[in-house]
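The analysis underlying the following values was restricted to heavy atoms, covering all of them including side chains, and did not include hydrogens, waters or symmetry mates.
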Amino acid sequence: MVRRILWRLAGLVPLLFVISLLVFFIAQAGPADPVKDVLSQKMSAEQIQQIREAYGLDRPAWEQYLTWLKEIFTNGGGLSLSVRSPVSGIVFPAFLNTLILGAAATVVSVVLGVAIGFVSGIRHGRTADRVVMLFVQIGSNLPVYWFGLVVIWLTAVRWKWLPPGGMHDLRGDGGFGDLLLHLIAPAFAASLVSMLIIARFVRAAVIESEQSDYVRTYRSQGFGRAAILGKHIGRNILSPIVNTTGLTVGSVITGVVFVETIFSWPGIGSVLLNAIGGSDYPVIQSGILLVATTFVVVNLVTDVLLDLLNPRLRHGGA
Amino acid sequence: MSTSTHAVVPPRLRRSFPARFVRNREALLGLVVLVVVIGVSVLAPWLAPEDPNAGDAGNVLAPVGAPGHLLGTDDQGRDVLSRVIHGGRGALVVAISSVTVAVVVGTALGLFAAFAGRRTSGVLMRVVDLMFAFPVILVALSLAAILQPGAWVLIGTVVFAAVPYVTRIVFAEARIEREKDYVEAARSLGASEAAIVRTEVLPNLISSVVIYGTSLVGVNIVFTASLSALGLGIQPPDADWGRMISEGAKVLVTGHPGVATFPAVAILLVALAFNWLGDGLRDVLNP
Amino acid sequence: GSDTGAVAGSQPRDGGTLIIGQYQEVTQFDPNRQYSWETWRIDRNIYETLVDEDLSAPTGVPKIVPRLATSWTVSPDATTYTFQLRQGVKFSDGTPFDAEAVRFNVRRFTDPSFEYYDKVSAATMSLVYGDLASFEVVDDHTVRYTFKHPFLDFLRQIPNSGNAASGIFSPEALKKYGQDGLADHPVGTGPFVFTERVRGDHTTLERNPDYWGQRPHLDKVIFKPIGDDQSRVAALQTGTVDIISRVPPDSVSTLESGGFSVPENKGVPQIIYYSFNFDNQYLRDQRVRQAIIQAVDRKQLAANIYKGYAEAATSIVNQGNEAYDASAVDYPFDPQAAKKLLADAGYQPGQVKFTILSDTTGQPTAEYLQQSLTAVGIDASVQSFEWITYGTRTANLQPQDGLYLGEWGYVAPSWVKIAHNNSVVKHGGDAYSATSAATVQAIDAAAYNPDPARSAELWQAAAQSWAKDATIFPLLSFNRYYAVAPRVGGFVWPQQNHYDLSRVWVAD
Amino acid sequence: MTAVLTVRDLGVDFALPGAVVHAVRGADLDVGRGEVLALVGESGSGKSVTAAAVLGLLPRTARIARGSIRFEGTELVGLKDRQLNTFRGAGIGMIFQNPVTSLDPSFTIGSQLADTARLHLRVSRAEARDVAHTWLDRVGIRDADRVLRAYPHELSGGMRQRVMIALAGLSGPRLLIADEPTTALDAAVQKQILDLVLDLAGETKTAVLLITHDFGVVSHTSCRVAVMREGVIVETGSTAQVLNAPQHPYTRTLIDAVPEIGRRYPRADRASSGGKPVLELRAVSKEFVAGGFGTGRHRSVVRAVDDVSLSVHRGEIFGLIGESGSGKSTLARLAGGLIPRTAGTVAFDGADIGDSGARDLRRRFQYVFQDAATALNPRITAGEQIARPLRRLGKAASRKEATAQVHRALELVGLHPGHADRYPREFSGGQRQRVGIARAIALEPELLILDEPTSALDVSTQAAILDLLLDLKAELDLTYLFIGHNLAIIASLCDRIGVMRGGSLVETFPAGDLFAPERHPDTRALLDAVLPIASTRDREAS
Ligand SMILES: Nc1ncnc2c1ncn2[C@@H]1O[C@H](COP(=O)(O)OP(=O)(O)OP(=O)(O)O)[C@@H](O)[C@H]1O
Ligand SMILES: Nc1ncnc2c1ncn2[C@@H]1O[C@H](COP(=O)(O)OP(=O)(O)OP(=O)(O)O)[C@@H](O)[C@H]1O
Ligand SMILES: [Mg+2]
Ligand SMILES: [Mg+2]
């Protein structure tokens with residue numbers, strides 16, 4: 001097991017290297033020209049060339065790549081092309097914000113998803129099952145665009161319960177409670193899709209393990225339903241929960257772009273989108289590398305957890 | 001040994017797929033809704049009362065129930081009903097085809113990785129991690145640069161985005177199945193690894209795959225709409241549910257909620273139908 | 001234009017915080033490198049220019065007024081400008097503002113031999129200073145700019161435009177923070193000083209306690225980017241922000257009925273126009289281009305699709321421009337004539353095919369255009385992009401692309417030259433014009449004319465000459481742009497793309 | 001006699017798609033305090049379903065159609081789950097037929113036993129562990145400490161079965177329902193377990209309903225016997241009476257079919273020993289690794305098979321016996337190359353199985369797995385599971401042909417072609433086992449490895465299956481490697497016998513020499529524990 005984990009950790013290095021390569025060259029191969037896109041309106045070809053030189057964009061791609069790689073380690077990715085400020089200062093805070101939103105959304109989707117899936121699984125086929133599932137199904141399939149606006153309109157404009165967006169109240173001093181208040185609506189909106197998926201998986205798993213022989217054994221021993229559900233069914237559906245949760249973290253992070261837009265959440269999504277629009281390679285590259293690293297780590301943790309959860313897989317052998 | 005006489009002959013069961021399917025009300029309902037929606041989409045040119053793209057600048061944002069426009073008109077004065085009827089064509093084709101491809105490819109990859117040697121599987125799953133890590137927007141933009149913006153970009157993007165998810169779900173489950181005795185039994189019965197994967201393990205995973213796949217359809221109709229809004233997919237003025245929503249959002253809370261809400265309801269209906277179909281199919285496939 | 005007296009009867013008061021919801025993220029606070037309206041709207045509170053415009057009146061082309069220069073003289077041939085600098089002014093880092101500081105600024109973008117020369121700034125600022133022949137420090141508080149050609153618009157250009165406006169930064173700050181660091185540590189002489197920028201979230205300015213001029217009412221101004229139109233409106237409605245820019249036309253009446261002020265300004269120098277892609281085989285034909293213009297009813301577009309919150313634009317000389325002439329029309333709406341032109345050009349209905357590129361905000365326009373073109377037998381399709389991708393896309397036009405959207409506009413009439421260079425000459429469009437030489441001549445005549453009295457007339461002539469070629473397609477100008485909460489007093493939307501915050505106050 | 005359990009006219013129906021299966025159709029039973037009632041009967045006759053009905057633990061698809069079940073005077077039919085829970089465990093304990101899937105795969109044995117102990121005995125965590133340990137000792141598990149820390153899949157079939165027994169016995173139920181509790185156990189352990197059951201009945205006056213196929217067990221343990229067939233109880237009476245003077249014709253056929261130890265199976269003619277070796281194992285070992293980092297357990301290595309060399313000759317029946325957990329199944333799986341070896345070589349017909357060519361050998365040897373329940377794919381119908389290898393290995397050219405062969409195979413093992421449509425979980429334990437056999441023999445392999453193939457079968461079905469095996473052998477010149485606990489069958493069926501203990505093969509000898517004095521002490525121990533049917537004990541119910 002230790003070897004397996006170490007092996008995976010070691011595997012991160014080439015993986016991230018490949019990702020960095022791909023990210024770099026895909027970003028570069030795009031049709032866009034950063035200088036032309038952003039500045040060209042007023043400039044002559046000669047001036048554009050000057051700026052390209054100033055930014056080192058005239059050098060061969062591999063050289064640029066090496067420079068970038070070096071900069072990743074030395075100063076977090078160099079300077080943004082469009083705003084000439086350190087990439088790390090642009091990418092990290094935004095990414096942190098996305099992580100906050102992502103974590104909140106993950107918590108919401110896992111907690112609600114598991115709860116809903118559980119309830120509907122144990123009430124399989126009854127009214128409660130139908131109602132609860134319909135509720136998540138409707139929730140998750142409402143387009144975020146539509147749903148987000150309606151939520152803002154109702155909770156912020158109409159009833160004035162929640163702020164209409166942003167991360168904190170610019171007039172207040174922005175405490176933790178304020179952040180939570182601002183998180184509610186976007187986290188909920190961002191969690192919907194994963195919530196449905198988790199709920200459906202949990203429901204299926206509950207139904208399946210309720211019919212299993214070992215649950216019958218425990219029932220025959222007079223264990224209460226709650227105890228069986230909590231311990232045995234709960235434990236045996238942990239794997240699917242962990243697996244889908246791992247996926248949720250990922251999908252929430254990449255999927256929040258639209259949520260970020262609607263709820264004006266200053267996250268990595270809008271930074272990347274802006275950077276792509278401005279062909280701001282250093283930002284795109286470093287941003288994606290950061291997101292990619294997160295993914296890879298989340299997947300690694302998920303895999304290790306899954307191994308640990310399944311006694312049969314634990315000892316790697318057999 | 002035909003010695004034992006059967007006083008009690010086991011009854012014949014009706015186990016054929018259609019028989020089971022029809023018995024399952026949920027699946028049937030989902031199917032019916034889908035057939036209706038697809039039928040309406042296919043027959044749109046004959047069903048729609050108006051040309052969905054014909055605007056009437058003199059009659060913009062007519063309210064629901066306005067004469068000649070049952071569901072009102074949008075900001076260009078186009079008939080919302082006709083647009084809703086037409087709007088499913090692209091969405092359905094893109095969502096269904098891309099999710100199908102993603103599910104098939106993802107399942108195949110996941111199964112392969114679960115049964116391949118540790119090294120191959122490690123490499124493959126890392127490649128999948130890699131796909132995960134790529135922001136879909138970038139994928140969409142790159143595709144749009146290679147192809148022209150349009151349905152193919154959307155399909156490609158959804159496939160690229162969904163494959164890693166399906167793969168990981170299938171991989172995780174297949175790895176558990178792999179350890180089970182029936183796999184060993186099948187091996188002892190001369191099944192090749194490929195046959196084991198395809199005919200023995202797959203039926204045990206189908207419920208997860210179906211659940212995931214059907215969840216994805218609705219989600220992806222919406223997702224492709226967002227890509228279209230970035231200019232990478234279906235182009236205006238063609239009616240498309242997703243686009244109609246993002247365009248109608250402008251007037252959602254300013255007194256004309258219908259423009260965005262009717263297509264949202266249409267998407268919801270399709271997504272629900274797929275969910276029902278999925279849950280139903282799961283029961284049918286997992287008796 | 002108009003102003004808000006929304007806080008009925010309330011008196012200006014000192015103190016308080018004003019929050020402005022902007023429609024896009026700002027770029028950077030380096031006055032020589034920034035390039036967007038929203039950025040300039042912040043910048044101009046930090047940096048001041050030698051001369052400024054009087055933005056206190058809601059109507060009329062703003063008058064040029066002193067700012068960091070107390071007075072100036074212009075040579076009769078309009079090539080030499082001598083400014084008398086204001087004394088006793090300090091940058092907010094405490095260093096003095098004087099002729100040397102101005103020189104430092106100018107050399108940064110004009111003198112390649114200068115230690116702090118910056119290619120990027122040079123490229124950006126060349127729009128205004130490209131013709132600068134020399135810059136002299138006459139004495140400690142006098143500077144002189146000499147241009148190669150008459151440059152009547154220079155004074156107007158100094159405080160104007162979202163690009164290449166000449167805000168003066170502190171040389172010490174540049175030395176201290178470096179060429180790239182200035183953007184994050186902007187230091188100027190303005191009424192407000194920069195305190196923090198949280199990228200993607202907000203930028204905060206605080207009142208400059210040592211400001212040389214009149215004390216601004218506000219203690220603090222926060223600028224917050226909210227990209228999504230509906231969210232921005234909601235933020236205003238809930239009081240999260242006090243002012244928003246770029247009000248979606250659909251929300252105007254909702255906001256007004258909610259007690260918000262959405263001032264109307266029929267003179268704002270802004271214009272929405274389409275440029276032609278001359279790489280498209282059909283659009284090289286003047287008759288096709290003219291047919292396109294004649295196929296579209298711009299009045300109806302403004303009145304119905306934009307519900308009257310826009311004015312039809314029929315000349316590239318936009319409303320609010322010093323040379324604006326409301327009666328100038330390139331080609332009037334006439335679908336029959338359009339059809340005939342196409343037939344003359346030898347095209348069957350449906351034969352002319354191209355794509356219209358638009359950003360999502362302009363999509364209703366694009367779709368309206370597409371409909372109108374269909375009506376005369378032109379098969380146009382629309383591709384619409386989020387504005388960020390739109391920029392990339394239009395920088396890389398394909399041959400099948402036909403029209404692409406532009407949004408710009410100017411107070412100074414030399415705009416005609418900028419527009420012509422940018423939309424026609426740069427894309428080789430003058431090769432497909434019958435009267436290209438004449439147009440260039442007319443533009444040059446107007447540009448190098450030293451006589452202010454004749455200026456408007458010459459520019460109009462140039463614009464008319466250009467319009468004959470139908471090499472650009474003006475569409476409309478918006479007349480609603482900002483929305484202001486009732487608690488805000490003294491906000492004036494002048495005939496300009498920015499506003500002055502020093503006289504704005506907020507109720508408690 | 002005060003009846004603890006009274007079942008009257010019980011009817012249980014299964015609703016399958018498009019049809020109803022009447023699994024139990026009017027069963028009557030009484031079990032008194034301290035009494036052991038043996039329930040015997042044909043495989044698939046409804047014994048397990050009856051037992052499950054008592055506890056209200058029928059599968060979802062089943063319902064009690066009629067009748068009554070009274071426990072200590074309380075009517076159980078119609079009670080809610082919550083009310084039934086007051087009887088479960090402490091009142092009625094149940095040992096399920098299928099120990100493989102009846103333990104939670106995600107928890108250690110220790111945790112599962114301790115939980116039960118704490119629930120019913122209200123003891124502390126530490127005490128619960130002691131109780132669990134004691135019970136594992138009582139059911140004859142020697143390395144209780146390891147087993148407590150083990151997960152179910154790490155135990156042998158017999159060990160799991162004993163864990164189930166411990167689990168049910170732990171809570172001291174007043175009625176113990178044991179559904180074939182000793183099928184996977186060797187004779188010695190079986191005897192120990194049965195004595196344990198007798199102790200319970202004697203000391204704590206526990207009423208026991210013992211479902212079994214083994215008449216040795218019946219005569220050793222029970223006071224009374226009930227015989228079930230096709231959903232009805234055809235005969236009840238005292239053990240002596242039923243065994244010695246059966247009334248119902250079915251009971252008679254059943255008793256006639258009982259194999260007796262030492263008697264050569266009537267049709268088994270001595271095989272021509274000394275043929276070419278078909279299967280050759282040389283110095284084969286297998287180690288399992290359990291625990292290690294992240295599992296919360298110490299890493300431990302189990303040497304399940306230890307340096308075994310063995311050859312099976314063409315045309316012979318080689319019997320493999322040994323106490324439970326001695327490594328028989330593991331050896332069988334190694335023989336087929338189903339799990340990787342730690343050391344040694346295995347050759348089939350001269351070809352090394354480790355080589356890539358192993359798949360070509362597949363059609364030539366087959367398996368019947370010990371655990372029919374898990375060796376069948378739960379999502380595929382029985383018929384399809386038999387048909388697939390047929391088509392795959394070219395035994396059937398078309399789908400139609402395959403179907404015909406499937407039907408024939410099912411009939412051969414005493415099932416009906418109509419069973420082909422069912423999923424594995426819709427069978428009784430014995431029926432499932434027969435599906436496994438049908439699947440293997442349908443392929444007509446040269447070598448058949450049978451891992452306790454008849455453990456879940458009633459004696460008459462068992463006899464029929466053994467007949468079938470012998471017929472096939474005669475017809476097709478097959479070779480069998482037969483693993484079993486039932487020494488009577490082994491002795492009468494096999495040509496040679498190997499005895500395993502603790503992973504090693506302690507000796508091999510011709511079947512005839514089973515009783516020879518020079519047998520290894522381990523072998524003797526097994527023989528001594530065999531329960532003779534003759535010695536009907538006089539334990540009439542009080
Ligand atoms: N889940 C089920 N669905 C349908 N039929 C079932 C199901 N379980 C059992 N049966 C049927 O009910 C009958 C009785 O089964 P039961 O398990 O009680 O047999 P049994 O007497 O215990 O047999 P064995 O000795 O083989 O274990 C069998 O014919 C079997 O096919
Ligand atoms: N996957 C595994 N991991 C760890 N230990 C195992 C595993 N499989 C089997 N064992 C151990 O190997 C030993 C031999 O098991 P095996 O199943 O071969 O016994 P057996 O002789 O078939 O017993 P039975 O008669 O009870 O079926 C047992 O001690 C068991 O606990
Ligand atoms: Mg049974
Ligand atoms: Mg075994």
Side-chain angles (χ1 to χ4, degrees), chain A residues 7-8 11 14-15 18-19 22-23 26-27 29-31 133-134 137-138 140-147 149-150 153 157 193 196-197 200-201 204 208 239-240 243-244 246-247 250-251 254-255 257-258 269 272-273 276 284 287-288 291-296 299 302-303 306 310 312-313 318, chain B residues 122-123 125-130 132-139 141-142 145 161 164-165 168-169 172-173 175-176 179-180 207-208 211-212 214-216 218-219 221-223 225-226 229-230 241-242 245-246 248-249 252-253 257 260-261 263-264 267-268 270-272 275-276 278-279 282 286:
Chain A
W7 177 240
R8 277 291 298 270
L15 180 60
V18 172
I19 290 179
L22 273 180
V23 163
I26 288 184
M133 280 319 283
L134 193 67
Q137 284 171 347
I138 290 181
S140 326
N141 287 299
L142 286 174
V144 173
Y145 235 92
W146 188 92
F147 180 78
L149 284 177
V150 171
W153 186 65
V157 179
V193 171
L196 171 72
I197 291 172
R200 291 184 74 186
F201 269 100
E208 187 161 326
S239 291
N243 196 18
T244 33
L247 297 179
S251 64
T254 45
V257 178
F258 304 106
L272 278 181
L273 224 52
I276 289 170
I284 303 178
I288 294 178
V291 173
T293 310
T294 320
F295 262 102
V296 172
N299 285 352
T302 312
D303 286 348
L306 283 179
N310 185 347
R312 287 198 166 212
L313 295 178
Chain B
V123 168
M125 290 316 287
R126 296 301 77 73
V127 170
V128 167
D129 280 355
L130 215 140
F132 249 110
F134 264 87
V136 280
I137 304 287
L138 196 72
V139 174
L141 285 170
S142 309
Y165 287 89
R168 276 189 65 89
I169 285 191
E173 297 215 359
R175 238 163 33 119
I176 293 172
E179 304 293 326
K180 293 200 173 157
S207 83
S208 294
I211 287 182
Y212 204 70
T214 51
S215 294
L216 281 180
V219 172
I221 294 182
V222 177
F223 172 65
S226 312
L230 286 174
W241 289 338
I245 295 170
S246 49
L252 183 63
V253 291
T261 304
I267 290 180
L268 182 63
V270 170
L272 284 182
N275 277 229
W276 291 329
D279 283 343
R282 193 189 65 85
N286 250 12

* Side-chain contact test, heavy atoms from C-beta onward, threshold under 4.5 Å: evaluate it for A:Ile138 versus B:Leu268 and give yes or no. => yes
* Structure fact -> The interface call for A:Thr244 against chain B, heavy-atom contacts under 4.5 Å, is side chain
* Any side-chain heavy-atom pair of B:Trp276 and A:Leu134 under 4.5 Å -> yes
* Heavy-atom pairs under 4.5 Å with chain B are the metric here; pick the option from A:Val296, A:Val157, A:Leu196 that has the most. => A:Leu196
* **Verdict with supporting geometry, B:Thr214 and A:Arg200, side chain to side chain contact (heavy atoms under 4.5 Å, CB included)** => CA-CA 11 Å; B:Thr214 51; A:Arg200 291 184 74 186; 3.3 Å; yes
* Asked: Is there a side-chain contact between B:Asn275 and A:Asn141, using heavy atoms and a 4.5 Å cut-off?
  -> yes
* **Intermediate values then yes/no, side chain to side chain contact (heavy atoms under 4.5 Å, CB included), A:Ile197 and B:Tyr165** => CA-CA 11 Å; A:Ile197 291 172; B:Tyr165 287 89; over 6 Å; no
* Asked: Which is it for A:Phe295 and B:Asp129 under the side chain to side chain contact (heavy atoms under 4.5 Å, CB included) test, yes or no, and what are the steps along the way?
  -> CA-CA 7 Å; A:Phe295 262 102; B:Asp129 280 355; over 6 Å; no
* Structure fact -> Between the CZ atom in B:Arg168 and the CG atom in A:Asp303, the distance rounded to the nearest 0.5 Å is 4.0 Å
* Which pair of non-hydrogen atoms, one from A:Asn243 and one from B:Ile169, has the smallest distance, and what is that distance? -> ND2-CA, 3.6 Å
